[in-house]
Amino acid sequence: RPSVPPSVPPSVRPSVPPADVGFLTTFFKRLEPNRSGRYEAEFPFLSPCGRANFLRCDDRPLVFTQLLPAAGGCRLLSYCGGGERLAVPFQPESLAVSPENGRLYHPAPAKAGGVGLVRSALAFEWSPLFEYGRGPQPPTHFIWEGRRYRLTEELLPLLRADGGPGRAGESPAVPVAPSQG
């Protein structure tokens, strides 16, 4: 359960058990930037399901937590504990490592900012699959299921456009680093 400072009004405190997948699905599918005129500085996101549910996060509001088995030939990357109900097609070529913080990101639904943070445990598991060029640069390729993907870096402008981290997820990050072989 998230910790909430005592200064936060009861109307913005979490009130649903984290295991309620139905609520999580509704909450995260409706998540959007907070332009309500209420608590915008303190809570940059809200989900207008029932009453407005306000969200503050350390990096990104969507955190990818699990890679699901192939369904119809396409692997799904699930976010925020929602299983298949909260998932996007896994796009290995679109993975991006932030040069600023070393965290790993993947494309997410546009309504929630277009970028989601990859859970630290998953990023750590995938870290040996990255290939690096020379010097201290982000990875250039990702080896997935026997195929070598050139990383597109398409997410980097989105990460920089909103000032980078400060939008949701988990902290501290486990930076993706070159494997020692």
Side-chain angles (χ1 to χ4, degrees), residues 1-2 4 8-9 11-68 70-72 74-101 103-123 126 142 149 151-171 173:
R1 207 148 172 70
V4 180
V8 174
S11 63
V12 294
R13 291 177 185 263
S15 59
V16 176
D20 187 344
V21 176
F23 173 78
L24 291 174
T25 301
T26 301
F27 180 90
F28 284 106
K29 284 198 180 273
R30 294 183 180 179
L31 190 67
E32 60 190 42
N34 181 3
R35 295 186 183 101
S36 69
R38 297 174 57 210
Y39 312 114
E40 289 182 20
E42 298 87 0
F43 298 95
F45 293 92
L46 71 83
S47 181
C49 46
R51 297 185 309 186
N53 294 279
F54 296 90
L55 177 67
R56 172 179 48 223
C57 26
D58 292 333
D59 190 338
R60 298 281 156 182
L62 300 187
V63 178
F64 292 102
T65 55
Q66 181 182 16
L67 186 65
L68 302 175
C74 179
R75 302 281 304 250
L76 297 175
L77 193 54
S78 175
Y79 57 92
C80 303
E84 290 180 5
R85 295 168 78 179
L86 291 175
V88 296
F90 179 50
Q91 301 171 43
E93 70 282 358
S94 297
L95 290 167
V97 176
S98 167
E100 286 79 22
N101 64 24
R103 290 178 175 175
L104 183 62
Y105 298 90
H106 184 274
K111 190 174 181 181
V115 182
L117 177 66
V118 175
R119 177 182 178 187
S120 295
L122 203 49
W126 290 347
F142 183 72
Y149 292 89
L151 299 177
T152 64
E153 298 184 349
E154 67 192 58
L155 296 180
L156 295 181
L158 290 174
L159 291 169
R160 293 180 182 125
D162 66 6
R167 293 297 197 184
E170 53 185 68
S171 184

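L117 contributes atom CG, which lies 8.0 Å from atom CG of N101 (distance to the nearest 0.5 angstrom). Rounding to the nearest 0.5 Å gives a distance of 7.5 Å between CG of L31 and CG of L46. R56 contributes atom CZ, which lies 7.5 Å from atom CD of E42 (distance to the nearest 0.5 angstrom). Atom NZ in K29 sits 12.0 Å away from atom OG in S47 (nearest 0.5 Å). Put simply, CD on E154 and OG on S94 are 3.5 Å apart, with the number rounded to the nearest 0.5 Å. Going from atom OG of S78 over to atom CD of E84 covers 8.5 Å, rounded to the nearest 0.5 Å.
Between G116 and A108, the shortest heavy-atom contact is N-CB, 3.5 Å. When every heavy atom of P61 is checked against every heavy atom of F28, the shortest pair comes out as O-CE2, 3.5 Å. The two residues P107 and L155 make their nearest non-hydrogen contact at N-CD1, 3.5 Å.
Contact of the L62 side chain with the P109 side chain is registered, since non-hydrogen atoms from C-beta on lie closer than 4.5 Å. Counting heavy atoms from C-beta on, the side chains of P44 and N34 never come closer than 4.5 Å. Side-chain contact between H106 and V88 is present, with at least one heavy-atom pair separated by less than 4.5 Å. Contact of the R160 side chain with the P99 side chain is registered, since non-hydrogen atoms from C-beta on lie closer than 4.5 Å. Here the side chains of F54 and R38 are in contact, with some heavy-atom distance below 4.5 Å. Side-chain contact between L104 and F64: absent, with no pair of heavy atoms (C-beta onward) separated by less than 4.5 Å. Side-chain atoms of P48 and E32, non-hydrogen and from C-beta on, do get closer than 4.5 Å to each other. Here the side chains of L24 and C80 are not in contact, with every heavy-atom distance at 4.5 Å or above.
In this structure, F23 and F27 have tilted ring planes: the angle between them lies in the 30° to 60° band.
The side chain to side chain contact (heavy atoms under 4.5 Å, CB included) with Y105 is formed by just one residue from the set L95, V115, L156; it is V115.
A donor-acceptor pair under 3.5 Å is formed between the side chain of R75 and the backbone N or O of L68.
Scanning for side chain to side chain contact (heavy atoms under 4.5 Å, CB included) contacts around P33 gives R35, with sequence neighbours left out.
Here the two rings, on W126 and F90, have centers that are under 6.0 Å apart.
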